[in-house]
Amino acid sequence: MKMWSGRFQSALNEQADAFQRSLPVDKRLYKHDIMGSIAHATMLGECGIIEPSEAEAICAALSDIFYDIKNGKLRIADAEDIHMFIEEALTDRLGQVGKKLHTGRSRNDQVALDIRLYMRDAVSEIIARIKTLCETLCDIAAQHTETFMPAYTHMQKAQPTTLAHHLTAYCEMLLRDAERFADCRKRINVMPLGSGACTSTSYPINRNRVAQLLDFPRITQNSLDGVSDRDFAVEFAAACSLLMMHLSRCNEEIIYWATDEFGFITLSDAFSTGSSIMPQKKNPDMNELIRGKTGRVYGDLVALLTLMKGLPLAYNKDMQEDKEAIFDCEDTVKQCLEVFTDLLPSLTFHADVMAKGAAGGYTAATDCADYLVKKGMPFRDAHRVVGQLVHYCVESGKSLEELSVEEYQSFSDLFASDILKTVPIDRLVAARSATGGPAKKTVERHLQKLRKATAAL
Ligand code: ARG
C-alpha cells in the first residue's frame with residue numbers, strides 16, 4: 001500500500017506504477033537522504049514538534065538503516081523512490097514513532113535537499129580529480145620545456161613552440177574549469193528544507209538549525225523557489241560540458257599526434273586497443289571515447305535545460321528526470337578525468353619528430369619579417385618581402401634555415417649575417433619570452449604559478 005493511498009479507492013495501474021518509480025535511479029541518494037532526515041528529526045525534537053526521545057529514536061534507527069544499506073544487510077528495493085524506501089524502513093523498525101519523521105516536511109523540499117547535499121560532494125570530488133590531472137600535466141610539461149613542436153593555426157604550421165607551452169595551455173583551461181565548479185558549488189550549497197510542498201509550513205521549525213547541522217552557509221529565501229528550481233543542476237552540467245570540451249580537444253590532438261602521418265607520439269599498449277581484423281592496428285580508443293562521451297554530457301545539459309523551460313511553479317513530477325542527467329554528468333566526467341590522468345604519463349613523445357615539424361613549414365617567417373621591422377622596414381613591406389622569400393624557398397626546396405646570407409640579401413639589403421642566428425627554432429622560441437610565451441624561463445615561471453594555483457584547489 002502506498003503511503004499516500006488514503007484518498008484513493010483503487011490501486012495504481014501496474015504499468016503506471018512502474019513508470020513513475022524513480023528508485024532505480026535515485027537510490028544512490030540514500031546516504032544524503034538519511035543525513036537530511038537526521039538533521040530534520042533533530043530539529044523537530046529541539047523545537048518540541050516531536051518529543052526529544054522520539055527524535056533520538058528516529059536518529060538512531062536512521063543511522064542503523066544507513067549502516068545496514070552500506071554493509072549490504074538491507075537491500076534497496078520495492079519502493080516508489082529512495083525517500084519512501086527510507087521512511088518505510090524506519091516505520092518497519094520503529095512503528096508509530098517512525099511515522100512522525102515526515103512532520104513539517106514534503107518530499108518536494110526533501111528531494112531538493114538531498115540532491116543539493118549529493119551534488120555538493122560530487123563537485124568536491126570532481127575538483128579533486130581536476131587537481132590531480134593538472135599536477136600530472138605540470139609534471140609532464142616540466143620535462144618538456146625544450147621539446148620543440150609547431151604551433152598551428154588553421155591546422156597549418158604557424159610558429160614554433162614547445163610541448164610544455166602546449167600542455168600548460170590545457171592546465172589554464174582546467175583551472176578555469178575547477179573555478180567554475182567551485183563557483184557553482186556556492187549556489188548548490190543553499191539549504192531548501194522548510195519550503196514544504198510549496199509554501200513552507202506552519203510548524204514552528206528552525207530552518208537555520210537544520211542548515212547548521214548539515215553545514216550549509218545559507219538557506220533558501222522563498223519556498224516556491226526552494227522546491228522548484230534546478231538552475232544549480234544546469235550550471236553543474238554546463239561546467240561538466242566545458243570540462244569535457246577541453247578534455248575532448250586535448251584527446252583529439254593526441255589522436256592525430258599518434259597517426260603515422262604525424263608521428264609525434266606513441267601510445268602505450270596499456271591505453272590502446274587492437275583491431276579484430278587488421279593485425280597492425282593500435283587504436284586510440286580511450287582518447288576517442290573521451291571525445292565521444294563529451295556528446296552525452298552536452299546531451300545531459302540540453303536535457304536539463306529543456307526539462308525546466310516550460311515548468312510552472314512549483315514542483316512538477318517532470319523534475320524527477322533531473323537526476324539521471326546529473327548522475328550521468330558526474331559519472332562520465334569522473335571516469336574521463338581518471339582514465340585521462342592515468343593515460344597521460346604513458347605517452348611517449350618523439351622530440352626529434354616534433355622538432356623537425358617545428359622547423360619545417362617556414363615557421364620562422366614571422367621572425368624574419370620582425371627582423372626587417374627592427375631594421376627599419378614597415379611591417380607590411382616586411383611581410384611582402386618575406387612572402388617572396390618563402391616563395392623562393394618553396395621553389396628551390398629549401399628551408400629558411402638553409403638559406404645563405406647572400407640569398408637573404410637578394411630580397412632586402414637590410415638582411416645581415418645575424419639573420420642566420422635568428423631563424424633556428426631554439427632561437428625563435430627563446431625570443432618569445434613575454435608573459436604567456438613559450439621561452440623556457442617564461443614557461444618555468446608559469447609552471448610555478450600553475451603549481452601554486454593547483455595546490456590551492
Ligand atoms: N521522486 C521524486 C523526485 O525525484 C520525489 C518528489 C516527489 N514529490 C511528489 N510530490 N511526487 O522528484
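Atoms within a ligand are numbered from 1 in the order they appear, just like the ligands themselves. A quick note: this is a predicted structure, and the numbers were derived from the prediction, not measured.
Judged by distance alone, the side chains of His246 and Arg249 never bring a donor and an acceptor atom under 3.5 Å apart. A donor-acceptor contact under 3.5 angstrom links the side chains of His83 and Asp33, judged on distance only.
Under a 4.0 angstrom heavy-atom cut-off, Glu80 registers as lying outside contact with ligand 1.
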Next item on the list: Decide yes or no on salt bridge (charged side-chain N to carboxylate O under 4.0 Å, His left out) for Asp328 and Arg296, but give the supporting numbers first.
Entry: CA-CA 8 Å; Asp328 188 64; Arg296 63 188 286 160; 2.4 Å; yes
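When atom types are taken as modelled, the side chain of Arg116 and the backbone of Arg187 share a donor-acceptor pair closer than 3.5 angstrom.
Not counting sequence neighbours, the partners of Glu88 by the side-chain contact (heavy atoms from CB on, under 4.5 Å) test are Met3, Ala79, Met84.
Considering backbone and side-chain N/O of Asp81, one or more are found under 3.5 Å from N/O of ligand 1.
Considering CD of Glu87 and CD of Glu80, their distance stands at 11.0 Å, rounded to 0.5 Å.
Within ligand 1, the atoms closer than 4.0 Å to a non-hydrogen atom of Gln320 are 1 (N), 2 (C), 3 (C), 4 (O), 12 (O), numbered from 1 in the order shown. Atoms of ligand 1 found under 4.0 Å from any heavy atom of Ser22, numbered from 1 in the order shown, are 1 (N). Those atoms of ligand 1 with a heavy atom of Lys323 less than 4.0 angstrom away are 3 (C), 4 (O), 12 (O).
Among all protein heavy atoms, the one lying closest to atom 12 (O) of ligand 1 is Tyr315 OH, 2.5 Å. With respect to atom 8 (N) of ligand 1, the closest heavy atom belonging to the protein is Asn108 OD1, 2.9 Å.
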